Amino acid sequence: MTDSIEAGPARRYDAIIVGAGFSGLYQLHLLRDRLGLSVRVLEAADGIGGTWYWNRYPGARCDSESYYYSYSFSRELEEEWDWTERYPEHGEIRRYLDHVADRFDLRRDIQLGTRVAGAAYDEDANRWTVTTETGERFEAQFLITAVGCLSSANVPAIPGLESFSGAWYHTGRWPHDGVDFSGKRVGLIGTGSTGIQAAPVLAAEAAHLTVFQRTANYSVPARNGPMDDGFKTWVRENSAELRAKARAAPNGHPFDFSDRSVFDVSPQERRAIYEAAWERGGLRFRAAFRDIMLDQEANETASEFIRAKIRSIVEDPAVAEALTPRDHLFATKRPPIDTHYFETFNRSNVRLVDLKTTPIAAIVPEGVRTADATYPLDVIVFATGFDALTGPLLALDIRGRNGLALKDVWADGPTSYLGLQVPGFPNLFTMTGPGSPSVLTNMPVAIEQHAEWIADCIGHLRERGLDRIEARPDAAESWGVEVDRAASATLLPMASSSWYLGANVPGKPRVFMPYAGGMAHYRGLCERVAAENYDGFALS
Ligand code: N01
């Protein structure tokens, strides 16, 4: 429900949370129901769900498996919710989050249809004033951003888009009524996780699909399917162990990384191990050997295995070659998983356009014009990703001490302490912010850890009669060094076109943004900081 809008005095709360996705819902529950704070959640969308409210494109489902892409904080919640598929589809995740909102009576403190336009800190009052696009004002001691990492849609500035005579959509802003593709010539721009999920479904629905690919991508079969009763029982019986495993894992997934090196086994054994991982499917392909993400030569064996799979699946050798990634190693960009993506290019109604050889020159009224041809289209689907991690935060126009603008502090890339706080912005917490593991993990694990740490921190302040916490500049500087060190210890910074580095948005600083030191290690660091009286923060 959207409250009526009235100009006037600011409404006062202990805490404002921006966003009502996985992060905002749990943070609200903890601050209100555990600490007894008055809390208002401001959400731009007309419904809860965050990323799952917006991403309703054909084929949209989670790449983490349903039984652990969910909250772990409530055993009862876990007991009463039944997932239907190995990878939950977007509508099912929305139903789950709606259920969570009802079960914990969260809706009464969530204000939908309310887009935050600015947030400014008043040092004397020690309060944040949050202003919405319609001019509503809210004041709070604590401001918590729960805006997600991938919520600022990136629609590339291709000349002529406004002249296109058909319809166009960005996957992250998908119409709720869906789009009827029957009989339509569809152009899909982008072959990241989203484009790779959407292409097979679009090909099946549309008269014709043209996939415009700038960077060829690796993908492993998801092997989606229904959750059968036996598997559901196994999950229920082993839930505590699975959750503990996810919490102890570097990436928040409850699967074991092999302790074998690629070079511990013969080429035949290696091939058999990759084959088994390919058959099993999913993101755990990376866990087949311990050094895939650490050693270039080791990774090359995985990369080459997938390249060979592409050649074996795609019938036209020229198309197979164009689909074969050669400019980056497997999983140095976020690895997609798919349902018949490469097979889609064997359909007679699907064409691949390799933008590396023939870049897009313009969008024209009848379709997309590349360097050497015009492709007539009725619909263009932009699966062109997001202004990741920093985009959603900078959109809030956050101003800290003395009017300090976050966009100025981050002009050369994001800085933070633990990805949780930025010096100069007291009592502002950035859930899953840049500098934290966030997008390198199974997100609910990272989200729960941040929500709990923030709630404990605010509880700590209140118990001691303190009312301000702010990251110290020296702590943020050291953390920046650690974020760089952790990234450099992996192969992740090697993919020069990765959104982890901001490379997909023209003009964005090239800085590796998430913390690659591993979720479990990070959790330990955060716990140590809290135990040592919030070491690195100034409390007053
Ligand atoms: O976005 P992307 P995404 N002209 O940035 C291309 C999460 N996710 O929405 O690689 C032509 O990965 C771009 O090309 P290039 C997941 O974390 C999760 O697919 O920059 N092409 C690339 O091919 C994922 O990583 C799930 O050369 C242009 C594509 O568009 C993240 O979201 C599902 C272009 C963008 O790929 C983002 O994925 C889906 C241009 N001007 C996504 N600009 C689940 O788990 C960009 N491209 C459910």
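Start at 1 and go down the list; that is how both ligands and their atoms are numbered. Predicted, not measured: the structure shown is a model, and the values here were computed from it.
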A.B. asks: Is ligand 1 under 4.0 Å from a heavy atom in the side chain of Ala383, in the backbone, in both, or in neither?
C.D. replies: backbone

A.B. asks: Is it the case that the ring center of Phe386 lies less than 6.0 angstrom away from the ring center of His170?
C.D. replies: yes

A.B. asks: Identify the closest protein heavy atom to atom 41 (N) of ligand 1: which residue and atom is it, and at what distance?
C.D. replies: Pro156 CB, 3.2 Å

A.B. asks: Just to be sure I'm reading this right: ignoring hydrogens, which of Glu89, Met443, Arg214, Gln213 gets closest to atom 20 (O) of ligand 1? Compare them by their nearest heavy atoms.
C.D. replies: Arg214

A.B. asks: Going by the rule side chain to side chain contact (heavy atoms under 4.5 Å, CB included), which residues pair with Pro221 if we only count those two or more places apart in sequence or in a different chain?
C.D. replies: Arg223, Trp278

A.B. asks: Out of all atoms in ligand 1, which are within 4.0 Å of some heavy atom of Trp52? Include the element for each.
C.D. replies: 48 (C)

A.B. asks: Kindly state whether the ring of Phe212 and the ring of Phe382 have centres lying under 6.0 angstrom apart.
C.D. replies: no

A.B. asks: Kindly identify the option in Leu440, Ile158, Thr194 whose heavy atom sits closest to atom 9 (O) of ligand 1.
C.D. replies: Thr194

A.B. asks: Hey, can you tell me if Phe305 and Tyr274 have their rings parallel, tilted or perpendicular (30° and 60° cut-offs)?
C.D. replies: tilted

A.B. asks: If you count the atoms of ligand 1 from 1 in the order shown, which ones are under 4.0 Å from a heavy atom of Tyr57?
C.D. replies: 33 (C), 39 (C)

A.B. asks: Which residues satisfy the side chain to side chain contact (heavy atoms under 4.5 Å, CB included) test with Arg95, sequence neighbours excluded?
C.D. replies: Trp81, Glu92

A.B. asks: If you count the atoms of ligand 1 from 1 in the order shown, which ones are under 4.0 Å from a heavy atom of Ile189?
C.D. replies: 11 (C), 21 (N)

A.B. asks: Looking only at protein heavy atoms, which one is nearest to atom 45 (O) of ligand 1, and what is the separation?
C.D. replies: Asp63 N, 2.9 Å

A.B. asks: With a cut-off of 4.0 Å, which atoms of ligand 1 are near a heavy atom of Leu355?
C.D. replies: 11 (C)

A.B. asks: Do the rings of Tyr515 and Tyr522 sit parallel, tilted or perpendicular, given the 30° and 60° boundaries?
C.D. replies: tilted

A.B. asks: Can you pull out the closest protein heavy atom to atom 36 (O) of ligand 1? Residue, atom name and distance to 0.1 Å, please.
C.D. replies: Gly192 CA, 3.6 Å

A.B. asks: Using distance alone, decide if ligand 1 has a nitrogen or oxygen within less than 3.5 Å of any nitrogen or oxygen in Ser193.
C.D. replies: yes

A.B. asks: Could you check atom 15 (P) of ligand 1 against the protein and tell me its nearest heavy-atom contact, residue, atom and distance included?
C.D. replies: Thr215 OG1, 3.4 Å

A.B. asks: Tell me which one of Tyr69, Phe382, Trp499, Phe386 gets a heavy atom nearest to atom 25 (O) of ligand 1.
C.D. replies: Trp499

A.B. asks: Among protein heavy atoms, which sits nearest to atom 7 (C) of ligand 1, and what does the distance come to when rounded to 0.1 Å?
C.D. replies: Leu150 CD1, 3.6 Å

A.B. asks: Taking the six-membered ring of Tyr53 as reference, does the NZ or CZ atom of Arg56 fall below 6.0 Å from its centre and within a 45° cone about the axis?
C.D. replies: yes

A.B. asks: Pairs of nitrogen or oxygen atoms closer than 3.5 Å, one from Arg334 and one from ligand 1: do any exist?
C.D. replies: yes

A.B. asks: Geometry only, no angles: is Ser64 polar-contacting ligand 1 at N/O separations under 3.5 Å?
C.D. replies: no

A.B. asks: So, regarding Thr191 and ligand 1 (criterion: nitrogen or oxygen to nitrogen or oxygen, under 3.5 Å), is there a contact or not?
C.D. replies: yes

A.B. asks: May I ask you to check whether Phe104 and Tyr26 place their ring centres under 6.0 Å from each other?
C.D. replies: no

A.B. asks: Using a 4.0 Å cutoff against the non-hydrogen atoms of Arg61, which atoms of ligand 1 qualify?
C.D. replies: 44 (C), 48 (C)

A.B. asks: Is the ring centre of His328 less than 6.0 Å from the ring centre of Tyr218?
C.D. replies: yes

A.B. asks: Between Arg214 and Asp354, is the closest basic N to carboxylate O distance under 4.0 Å?
C.D. replies: no

A.B. asks: Is there a heavy atom in Lys333 that sits closer than 4.0 Å to ligand 1?
C.D. replies: yes

A.B. asks: Can you label the angle between the Tyr96 ring and the Trp83 ring as parallel, tilted or perpendicular, going by 30° and 60°?
C.D. replies: tilted

A.B. asks: Could you check whether the rings of Trp174 and Tyr169 sit parallel, tilted or perpendicular, using 30° and 60° as the cut-offs?
C.D. replies: tilted

A.B. asks: Quick one: nearest non-hydrogen protein atom to atom 1 (O) of ligand 1, plus distance?
C.D. replies: Gly385 CA, 3.1 Å

A.B. asks: How far is atom 6 (C) of ligand 1 from its nearest protein heavy atom, and which residue and atom name does that atom have?
C.D. replies: Gly190 CA, 3.7 Å

A.B. asks: Can you confirm whether or not the ring centre of Tyr57 sits under 6.0 Å from the ring centre of His90?
C.D. replies: no

